[in-house]
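Some notes on the structure that comes next.
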Amino acid sequence: MKFDHNFNLINKTKSSRIYECDNTLARLDFIDKTAIRVALYKKGAQMLPTFTISPDNNLSHTGRDKLSSNGFKMYEPIEDEKDGKEIFKLENGIEISLDLHNFLLSYYKNGKRIFADRAPLAYNIDDEFGQGAYHYISRFDDEEIFGLGDKSGKINKRGKTYRIETADSMGYDAENTDPLYKHVPFYICKNDVQTYGIYYDTSNTSFIDLGREINNYYEHFKFFKSNDDYLVYYVFFGDTLSVLQQYNRLCGKQAFPPKWSFDYCASTMAYTDADNAEEEMDAFLDKIKELGIACQGFYLSSGYTQIGNLRCVFHWNRDKFPNPEKFIADFKREGIHLIPNIKPAFLTSHPMYDEIKEKGLFVKNSNGTPYVTQFWDGVGSYIDFTNPDGFNFWNTQVKEKLLDFGIDATWNDNNEFDIKSLDSVAHGFKGEVCAAQIRPILTYLMVLSSYEAQREKYPNSRPFLSTRSGSSAVRRLAQTWSGDNFTSFNDLRFCHYVGMTLSLSGMYFYGHDLGGFSGDMPSKELLLRWMQHGVFEPRFTIHSWNKDNSATMPWSYEDAIYAAKNILAQRKRLIPYLYNCAYEAVEKELPIQAPPFVYFDDENIDVNTSAFMLGRNILAKCVLDEGKESVKVYLPKDEIWYLDDKKYSGNQEIEVKIPMDKEVPFFVRGGCVLPTDEGDYGFREKEKLTFTVFPNESGIFTDSFFTDDGESYEYLNGNCAKLEFNVTSNENEVTVQIQNKGKMKIDYDIRLTKVDKRKLIIK
């Protein structure tokens with residue numbers, strides 16, 4: 001009978017329970033002391049493997065069983081019964097109540113309800129809600145919700161609805177467009193009782209309502225829906241940072257990028273689209289030398305593959321680049337890594353299309369013919385990366401057409417796999433599968449194929465890859481960016497929020513196309529403001545496809561070159577700190593860039609603030625609005641904050657002037673040792689590592705610093721520098737004890753912030 005389902009316990013272990021009602025099974029797994037997994041599915045259900053969940057950091061070709069417990073710590077809860085309901089108590093005081101009528105879960109802390117499955121029915125057990133999988137839960141009207149990947153709008157997503165799938169959204173409106181490029185059905189919800197997170201383990205197109213809908217028959221709710229016929233989800237409890245870290249650890253470690261990738265990396269469609277592309281690229285090289293601009297990467301747009309106006313992946317246009325090997329070697333000799341654009345679809349006019357079709361390597365229609373869809377001013381077919389032959393074909397092409405020429409990085413682009421038809425067929429894992437249901441998996445496997453090609457070619461180097469699309473699985477392989485944004489101040493502001501949202505979704509290594517990708521050439525003011533914001537992004541790249549075919553570059557405005565170099569010099573100065581933050585992101589799951597509320601329990605912090613933390617020690621805010629010259633920055637309470645030659649106590653708002661032609665002033669948290677590069681700024685200038693001590697008034701604090709050769713895996717063998725600072729302050733002295741726990745010796749200077757007039761003693 002609909003809306004009336006009574007479940008019974010049929011299997012029990014210390015950390016798992018399985019319940020049954022007619023043809024439906026429900027399963028609880030206590031995967032950790034602060035997290036559970038819930039699954040509802042029909043008997044005999046054929047669940048697709050998960051590629052996102054990977055606590056053992058496995059780079060799998062075939063995924064993992066959705067209900068596997070491998071790699072989980074597993075936890076035995078304290079069990080009780082109350083009012084006819086099963087009660088499970090977790091270590092952190094969370095109580096989980098299970099009503100076996102309709103399988104309703106409720107969660108409590110200190111007797112107060114955190115959230116609950118919506119009564120009388122939360123799941124689509126007997127198609128009460130139509131087709132697909134549903135999950136309805138309670139909500140507070142004032143709760144705050146963060147995450148879901150690269151979603152538009154402000155940081156708090158409460159009251160919004162989103163489609164969770166991937167789209168090629170060129171020129172999107174960062175305030176309103178949905179969907180964008182990522183498939184991340186994970187969010188963090190904070191209310192007055194307890195913060196929790198939920199991840200829905202699906203690769204299928206999904207929809208989420210975070211409080212927009214109301215219904216007279218139910219308490220206020222939010223809900224998730226997917227096109228699957230089963231539901232598997234995880235619930236995490238803790239504070240915001242802890243919930244984020246728990247989710248990240250379930251997904252596996254982020255790939256550790258090489259140090260060069262944190263320097264300015266240039267790009268533009270204009271150069272490679274030009275008929276004289278190699279001349280344009282050579283002129284770029286001459287220009288950065290002439291101006292003395294530091295640059296270690298160039299994203300090579302797809303114009304290098306053109307046949308006419310069409311983009312043909314792995315095809316070098318020999319009219320534009322007569323000798324690719326020499327072109328690549330010229331850039332490599334100057335210390336610049338070329339990052340070529342590669343796309344997973346082959347146009348039907350591509351010289352290799354018929355060969356690939358004959359081998360059966362494309363995603364297919366149900367009749368066995370290649371699935372054809374719109375792609376880059378034509379129609380084309382996607383490689384089926386679930387087919388081992390398709391995976392290996394791509395791997396071989398990356399090596400033979402790029403890496404063997406001297407390339408050592410890849411830009412995996414246009415990989416949203418725009419496949420909607422339910423008649424689309426992929427090779428699958430243990431049998432054929434509808435390709436439309438596994439689009440993020442196809443993206444992951446594409447990036448994995450590129451990644452393995454790079455590892456095979458350069459086994460001693462950490463590979464660098466960038467991917468536009470994907471699920472949280474791609475964090476184990478590549479960095480990302482916010483895609484083809486639009487040139488406007490409004491998108492500058494809302495791309496900031498998109499970045500914070502990516503960070504709150506576990507994608508720490510990201511950036512934006514500075515200046516805006518699509519639209520007009522940015523004004524001088526907009527370009528400089530974008531660059532100022534980019535100083536603090538993990539990825540610093542100026543990239544454009546301007547309507548007038550111009551290229552957005554640091555020298556786009558002759559009278560602003562000096563200003564641009566000031567901003568670029570600030571970026572270079574921060575690279576030692578950024579690289580240390582990157583290491584902590586990989587090893588400790590700490591965000592590189594995040595809203596202040598992630599680190600500070602301060603009710604005065606606006607969750608939608610445009611201020612941000614870089615690591616745990618830098619607090620900054622950029623000008624995001626046209627015509628403004630200053631911002632007001634709230635300093636979190638119970639901390640000391642340093643700015644230039646002044647020191648401030650927390651719990652106050654400070655106005656900071658930020659001229660567009662200067663570096664951005666930022667606050668440094670008291671109780672840290674900040675690493676910077678104080679060497680001369682310029683093309684290929686060497687780093688001069690300097691530590692500045694920002695002490696507390698008194699007492700002891702510790703801090704740490706990591707560096708290595710910047711490119712290999714030798715740091716895993718201890719061949720790195722791991723400095724530990726123990727800093728003691730009294731009325732007259734600041735004493736710093738330094739110990740290096742790594743095998744690598746480094747040269748550095750150390751100094752006390754100029755605000756502090758006490759004596760510095762180094763031991």
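Side chains included, hydrogens not; waters and symmetry mates left out as well; all remaining heavy atoms used. Note that the structure is a prediction, hence the values are computed from the model and not measured.
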Q | Any pair counted as salt bridge (Lys or Arg N to Asp or Glu O under 4.0 Å), so long as it reaches residues 387-405, sequence neighbours left out | A | K399-E456, D404-K457
Q. Would you find a donor on one side and an acceptor on the other, under 3.5 Å apart, between the side chain of R571 and the backbone of G534?
A. yes
Q: Verify whether one side chain among S261 and Q479 offers a donor that lies under 3.5 Å from an acceptor in the other.
A: no
Q. Would you say the side-chain atoms of R476 pair up with the backbone N or O of C251, donor to acceptor, closer than 3.5 Å?
A. yes
Q: Identify the two heavy atoms, one from M74 and one from S15, that lie closest to each other, and give their separation to 0.1 Å.
A: CE-OG, 3.3 Å
Q: Examine distances only and state if a side-chain atom of T305 and a backbone atom of S302 form a donor-acceptor pair shorter than 3.5 Å.
A: yes
(Q) Is it the case that the side chains of S206 and Y162 hold a donor-acceptor pair, with the cut-off being a distance below 3.5 Å and no angle test? (A) no
Q) Do E537 and H496 have a side chain donor and acceptor closer than 3.5 Å? A) no
Q: Could you walk me through whether R539 and D513 pass salt bridge (charged side-chain N to carboxylate O under 4.0 Å, His left out), step by step?
A: CA-CA 9 Å; R539 167 193 186 262; D513 283 351; 3.4 Å; yes
Q. With no hydrogens and no angle check, do the side chains of T386 and D384 hold a donor and an acceptor under 3.5 Å apart?
A. yes
Q: For the pair E724 and K741, find out whether any cationic side-chain nitrogen is under 4.0 Å from an anionic carboxylate oxygen.
A: yes
Q.
With no hydrogens and no angle check, just 3.5 Å: does a side-chain donor-acceptor pair link S242 and Q246?
A. yes
(Q) Are the side chains of Y187 and T501 in contact, using a 4.5 Å heavy-atom criterion? (A) no
(Q) Restricting to non-hydrogen atoms, name the atom on A594 and the atom on M500 that form the minimum distance, rounded to 0.1 Å. (A) C-SD, 3.6 Å
Q. Is S503 reaching over with its side chain to a backbone N or O of Q593, donor-acceptor style, under 3.5 angstrom?
A. yes
Q. Does a side-chain N-to-carboxylate-O contact under 4.0 Å join K253 and E587?
A. yes
Q | Heavy-atom pair with the smallest gap, counting every atom of I575 and D263 | A | CD1-CA, 3.7 Å
Q | Check: R468 main-chain N/O paired with K182 side-chain donor or acceptor under 3.5 Å | A | yes
Q: Mind checking the CG-CE spacing from L300 to M269? Nearest 0.5 Å is all I need.
A: 10.5 Å
Q | side-chain hydrogen bond (donor to acceptor under 3.5 Å, both in side chains) between T467 and N415, intermediate numbers included | A | CA-CA 8 Å; T467 181; N415 52 358; 2.8 Å; yes
Q. Do S54 and D56 touch side chain to side chain, with heavy atoms closer than 4.5 Å?
A. yes
Q: Would you please indicate if the ring centroids of F391 and H61 are separated by under 6.0 Å?
A: yes
Q) Hey, would you say the H135 and Y233 ring centroids sit under 6.0 Å apart? A) yes
Q | Neighbour count >12 (heavy atoms, 6.0 Å) for atom NZ, K73 | A | no
(Q) Has Q454 got a side-chain atom pairing as donor or acceptor with F464's backbone, closer than 3.5 angstrom? (A) yes
Q. So L504 and I155, side-chain contact (heavy atoms from CB on, under 4.5 Å) or not? Walk me through it.
A. CA-CA 9 Å; L504 289 164; I155 297 172; 3.8 Å; yes
Q) With side chains defined as the heavy atoms from C-beta onward, is the minimum distance between V586 and Y508 less than 4.5 Å? A) no
**Q.** Check: D150 and Y172 side chains under 4.5 Å, non-hydrogen atoms
**A.** no
Q) If we only count heavy atoms from C-beta on, is the Y510 to S466 side-chain gap below 4.5 Å? A) no
Q: Could you walk me through whether S16 and D29 pass side-chain hydrogen bond (donor to acceptor under 3.5 Å, both in side chains), step by step?
A: CA-CA 4 Å; S16 298; D29 290 292; 2.5 Å; yes
Q. Taking atom types as modelled and ignoring hydrogens, do the side chains of Y41 and D229 form a donor-acceptor contact shorter than 3.5 angstrom?
A. no
Q.
What's the separation between atom CD1 in I441 and atom CG in L48, rounded to the nearest 0.5 Å?
A. 6.0 Å
Q: May I ask you to check whether W481 and H512 place their ring centers less than 6.0 Å from one another?
A: no
Q. Got a salt bridge between R439 and E416, using NZ or NE/NH1/NH2 to carboxylate O under 4.0 Å?
A. no
**Q.** Any donor-acceptor pair under 3.5 Å from T166 side chain to Y181 backbone
**A.** no
Q) Quick one: are the ring centres of Y577 and F262 less than 6.0 Å apart? A) no
Q: Return yes if some donor-acceptor pair links the side-chain N/O of S68 with the main-chain N/O of R64 below 3.5 Å, else return no.
A: no
Q) So, Y599 versus R616: side-chain donor-acceptor pair below 3.5 Å or not? A) no
Q: Sorted by first residue and then second, give each salt bridge (Lys or Arg N to Asp or Glu O under 4.0 Å) pair with at least one member in residues 230-241; sequence neighbours left out.
A: none
Q. Do F536 and F612 come within less than 4.5 Å of each other through their side chains, counting heavy atoms only?
A. yes
Q) Looking at CG of N392 and CG of L361, how far apart are the two atoms once the value is rounded to the nearest 0.5 Å? A) 9.5 Å
Q.
When you measure from the centre of the six-membered ring of Y579, is the NZ or CZ of K259 closer than 6.0 Å and no more than 45° off the axis?
A. yes
Q: Taking all non-hydrogen atoms of both residues into account, name the closest pair between C581 and G615 and its distance.
A: SG-CA, 3.6 Å
**Q.** Pair I339-F298, side-chain contact (heavy atoms from CB on, under 4.5 Å): steps then yes or no
**A.** CA-CA 6 Å; I339 314 162; F298 195 103; over 6 Å; no
(Q) So, taking the atom named CG in N57 and the one named CZ in R249, what distance separates them when rounded to the nearest 0.5 Å? (A) 13.0 Å
Q) Is it the case that T202 and N204 place a side-chain donor and acceptor less than 3.5 Å from each other? A) no
Q: State the CG-CZ distance between L442 and F51, to the nearest 0.5 angstrom.
A: 9.0 Å
Q.
Looking only at side-chain N and O atoms, does S712 offer a donor or acceptor that is under 3.5 Å from a partner on D709?
A. yes
Q: Verify the distance criterion only: is there a donor paired with an acceptor across the side chains of S152 and D178 at less than 3.5 Å?
A: no
Q. Who pairs with S267 by side-chain contact (heavy atoms from CB on, under 4.5 Å), at least two apart in sequence or on another chain?
A. Y299, S301, W411, T541, H543
Q | Residue pair Y230 / Q46, side-chain donor-acceptor N/O under 3.5 Å | A | no
(Q) Between F417 and V363, is there a side-chain heavy-atom distance shorter than 4.5 Å? (A) no
Q: Step through it carefully: locate the ring centre of F256, locate the ring centre of F509, and say whether they are under 6.0 Å apart.
A: no
Q: With the side chain counted from C-beta on, respond yes when W376 and K343 share a heavy-atom pair under 4.5 Å apart, and no when they do not.
A: yes
Q) If only atom types and distance count, is the side chain of Y264 paired as donor or acceptor with the main-chain N or O of I542 below 3.5 Å? A) no
Q.
Is it the case that over 12 heavy atoms from other parts of the model lie below 6.0 angstrom from the NZ atom of K66?
A. yes
Q) When you check the gap from the basic side-chain N to the acidic O, do D708 and R462 get nearer than 4.0 Å? A) yes
Q.
Pair L402, I342 - check side-chain contact (heavy atoms from CB on, under 4.5 Å), show working.
A. CA-CA 10 Å; L402 298 172; I342 48 178; 3.6 Å; yes
Q) Side chains of D201 and Y199: do they bring a donor and an acceptor to under 3.5 Å? A) yes
